[in-house]
Amino acid sequence: MPQRFVIHLPVVAGDLSVAVRLARVVARWSSALAATDPGETTVSYEDEQGVRHRVFCDLRLPGNRRCLLRADHDGPCARRVSR
């Protein structure tokens, strides 16, 4: 297996809920790039970077695609939010 490298891009937010919302926007925007994996997006407190909070559900869907609903969502997994 070839080596993989992960890019960590710090973005500062005022609280955890704002950080999660911002992370979702950035992750969804970056999904246009083939090398990104928005489903692995997490946020952490600046002084507790080892404790990460998932932004998206971590379950895989058919075709090895990820569920893009929020972590701990209710109902079935999906690729997009129903409106």
Side-chain angles (χ1 to χ4, degrees):
M1 176 183 237
Q3 285 186 316
R4 292 176 18 145
F5 296 87
V6 177
I7 297 170
H8 303 274
L9 176 63
V11 178
V12 178
D15 63 47
L16 183 58
S17 64
V18 172
V20 168
R21 284 194 310 268
L22 181 57
R24 291 176 65 81
V25 169
V26 171
R28 286 189 172 160
W29 173 84
S30 71
S31 68
L33 304 171
T36 63
D37 186 359
E40 288 294 326
T41 304
T42 59
V43 298
S44 67
Y45 289 96
E46 184 176 18
D47 295 337
E48 296 178 18
Q49 293 184 30
V51 179
R52 296 177 179 230
H53 302 269
R54 279 199 165 277
V55 173
F56 297 105
C57 174
D58 64 346
L59 296 177
R60 295 271 185 178
L61 297 172
N64 209 29
R65 305 287 309 263
R66 289 187 185 276
C67 173
L68 289 180
L69 299 180
R70 65 176 166 35
D72 303 321
H73 65 84
D74 292 327
C77 291
R79 286 291 300 158
R80 47 177 68 110
V81 178
S82 61
R83 300 198 189 263

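The structure presented is a predicted model; accordingly, all values stated were derived computationally and were not measured.
Nearest heavy-atom pair across R54 and A71 is O-CB, 3.6 Å. Closest of all the heavy-atom pairs between T36 and L33 is OG1-O, 2.9 Å. For the residue pair C77 and L59, the shortest heavy atom distance occurs at SG-CD1, 3.7 Å. Contact record, A27 with T41: CB-OG1, 3.3 Å, taken as the closest heavy-atom pair. Residues S44 and Q49 come closest through the heavy atom pair OG-CA, 3.4 Å. For the residue pair L69 and P76, the shortest heavy atom distance occurs at CD1-O, 3.5 Å.
For D72, the CG atom sits in a loose shell: 12 or fewer heavy atoms of surrounding residues, nucleotides or ligands are nearer than 6.0 Å. The number of heavy atoms from other shown groups lying within 6.0 Å of CZ (R65) does not exceed 12.
With F56 as reference, R24 is the one residue of R66, R24, E40 to meet the side chain to side chain contact (heavy atoms under 4.5 Å, CB included) rule.
Side chain of T42 to main chain of R52: no donor-acceptor pair is present (N/O by atom type, distance under 3.5 Å, no hydrogens or angles).
Within the 4.5 Å cutoff, the side chain of L22 has heavy atoms near those of the V11 side chain.
Both Y45 and V55 belong to a single network of hydrophobic side chains, linked directly or stepwise wherever heavy atoms of I, L, V, M, F, W or Y lie under 4.5 Å apart.
Residue R70 holds its CZ atom at 10.5 Å from SG of C57, rounded to the nearest 0.5 Å.
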